[in-house]
Peer 1: 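After the structure tokens below, expect a handful of questions from me.
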Amino acid sequence: MEFPGILCGITGILCAILTFYYFVKSTFDFWKSRGVRGPRPTLGPSNLKNILLSRIAAGNVNYLKETYDNYKDERLIGIFAGMTPILIVKEPDLIKDVLIKDFSVFAHRGLSTFEKTEPLSQHLFSLEPKRWRPLRMKLSPVFTSGKLKEMFSLMSECADNLVQYIDKVASKNEPVECRELTAKYTTDVIGSCAFGIQMNALSNEDSEFRRMGRKVFNPSKTHMLRIKIRESFPRLYNMLGNILPQIDFSEFFTRVIVETMDYRETNNITRNDFVDTLRELKKHPDKLGDINLTDGLLASQAFVFYIAGFETSSTTISHTLYELALNPKIQDKLREEIDEVYAKHGGNLIRDNIKEMDYLDKVFKETLRKYPPATFLMRQSTSSYTFDGTDVTIPMDQKVWIPIYAIHRDPSIYSKPDVFDPERFNEEAVQNRHPMVYLPFGDGPRNCIGSRFAIYQSKIGLIKILRNYKVETCEKTPIPYISNPRAFVLCPNSGIYLKIIKINRD
């Protein structure tokens, strides 16, 4: 009596397995049927496990670099992240089409927002085109040259505070972890320039802003679990908004921004900074069309400015110091230029002086070439699209990646790419390269809105550090450099430890 039931059960299981097998097989034929080459996964147990667990994940810089190198003669490469087909665009002219020429088709980054479970996910980086366009237009004036000129003295003051802080750290004659050091500086810069808030990351070891910043980029196991649920079941995740507790840094930043706006409104305070721009939007929501302008949407814009501004810039400063420690001749040449400009202008540093530091600009650009904070760009098609000069057509909602790190480390573009050489950015060399092979801030209408802010705060910090200190390698310096495959931005596995030595100018 039980045998037929058991047989039916086994048959059902086999049917389910076969159905799943053919579903997966048909999915993995996605790129083959479109004539796009790539590392087609097999259905063996180990590969299937990797697919289901998404071990071939976005952000795995080593996997993307290896795939790019293995298909060096291809203009387009088809890969899979989990069960999702993703197109890697590596040919410069096609990259230009995606980012600029046909931007209207690729205006979406392909990211999701979660208004209930993660109110601060509604920021410019992730927003869909409908909300992104008007917000970008209204927020862009915050980052004009005129605004940066007004911010210069505030940045310079924060850099002076950084120098005083380094005095204390360097006097201990111990290795210094430079990412944490520079993150304190960039946190204070953004607080002062953008929000009119003294975040006190340099003067206060227990600064709540710095503590929350660490949580964003070093998520707990509980938060990592939330991320896994979010990636695997996005609709379910958003439905859990009334059940899941709010992330602590989400509550913190929303409260700080809303309270700051309310305080200024009540006390008639105007600073013409990022917060005041948000205040204007709140008072005149009609300027954004039919967008529902919630506190969460407004706070999200401040949040992304904060986290992107402090982390990417601090990482870039520390990467520059790392390379200067490894290349003392380049460090000496850069310091010589800084000293000459200071001497020329009576020992003062003003914004226009930085423009005179040509070698600093080359060093900075070479750092971003070798260590781009964002290792790839994401786009998603808003309609079907055929790539120019090919027979490859992608459907609507197709995810597209542009592998910045792999392009920046391509030896056919940058000879001996692992060598740190600022002269790659002399005028002749730049003119002889395709503009789409250097993309530290992206390009096109959806490039980094705060790129000029990031450049200035980074350069000012570097100038003040190198004017007063030498950096050298030590026993804890990560040599060779091994990137952290799980990090949101490019960084080493174990921090950037250097020896910092005060320069005696008596």
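Residue numbers count from 1 along this sequence. The structure presented is a predicted model; accordingly, all values stated were derived computationally and were not measured.
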Peer 1: Run the salt-bridge test on E180 and R210 with the 4.0 Å N-O cut-off and return the result as yes or no.
Peer 2: yes
Peer 1: Using 30° and 60° as the class limits, which term best fits the ring planes of Y481 and Y371: parallel, tilted or perpendicular?
Peer 2: tilted
Peer 1: Quick one: sort the F453 and F143 rings into parallel, tilted or perpendicular, breaks at 30° and 60°.
Peer 2: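 Answer is perpendicular, since the angle exceeds 60°.
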Peer 1: List in chain and number order the residues that pass ring-ring contact (aromatic ring centres under 6.0 Å, His included) with H108, two or more places apart in sequence or in another chain; answer none if no residue qualifies.
Peer 2: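 If we apply the ring-ring contact (aromatic ring centres under 6.0 Å, His included) test to H108, skipping adjacent residues, there are no hits.
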Peer 1: Please assess D361 against K459 for the test salt bridge (Lys or Arg N to Asp or Glu O under 4.0 Å), listing each intermediate value before the final yes or no.
Peer 2: CA-CA 8 Å; D361 191 57; K459 285 185 176 181; 2.8 Å; yes
Peer 1: Of all heavy-atom pairs between Q398 and I86, which one has the smallest distance, and what is that distance?
Peer 2: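 What the structure gives for the nearest pair is NE2-CA, 3.8 Å.
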Peer 1: Go through the side-chain N and O atoms of T390 and R75 and say whether any donor and acceptor fall under 3.5 Å apart.
Peer 2: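 On atom types as modelled, these side chains do not qualify, holding no pair under 3.5 Å.
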Peer 1: Any carboxylate oxygen within less than 4.0 angstrom of a Lys/Arg side-chain nitrogen, looking at R230 and E118?
Peer 2: yes
Peer 1: Taking only Lys NZ, Arg NE, NH1 and NH2, and the carboxylate oxygens of Asp or Glu, determine whether K362 and E427 approach each other closer than 4.0 Å.
Peer 2: no
Peer 1: Given the side-chain rings of F425 and Y438, with only the six-membered ring counted for Trp, is the space between their centroids under 6.0 Å?
Peer 2: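 Distance test on ring centres: under 6.0 Å, yes.
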Peer 1: Classify the ring geometry between Y385 and F387 as parallel (under 30°), tilted (30 to 60°) or perpendicular (over 60°).
Peer 2: perpendicular
Peer 1: Flag the pair K282 and D295 as a salt bridge only when some basic side-chain nitrogen lies within less than 4.0 angstrom of an acidic carboxylate oxygen.
Peer 2: yes
Peer 1: Tell me, do R109 and Q380 make a side-chain contact under 4.5 Å, heavy atoms counted?
Peer 2: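 Not touching, per the 4.5 Å side-chain cut-off.
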Peer 1: What closest approach, in Å, do P39 and G78 show between heavy atoms, and which atom pair accounts for it?
Peer 2: CD-O, 3.6 Å
Peer 1: Using the benzene-type ring in the case of Trp, are the ring centres of W132 and F103 under 6.0 Å apart?
Peer 2: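 Judged by ring-centre distance (under 6.0 Å), W132 and F103 do meet the cut-off.
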Peer 1: May I ask you to decide whether K370 forms a salt bridge with E323, counting only side-chain N to carboxylate O separations under 4.0 Å?
Peer 2: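 Looking at K370 and E323, the cut-off is met.
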Peer 1: Taking the six-membered ring of F441 as reference, does the NZ or CZ atom of R446 fall below 6.0 Å from its centre and within a 45° cone about the axis?
Peer 2: no
Peer 1: Between D421 and R369, is the closest basic N to carboxylate O distance under 4.0 Å?
Peer 2: no
Peer 1: Check whether any side-chain heavy atom of S300 lies under 4.5 Å from a side-chain heavy atom of F305, and answer yes or no.
Peer 2: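 No, too far: nothing below the 4.5 Å cut-off.
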Peer 1: Is a salt bridge present between R409 and D69, judged by a nitrogen-to-oxygen distance below 4.0 Å?
Peer 2: no
Peer 1: The test is side-chain contact (heavy atoms from CB on, under 4.5 Å); show your working for I88 and F376 and say whether it passes.
Peer 2: CA-CA 10 Å; I88 297 177; F376 67 103; over 6 Å; no
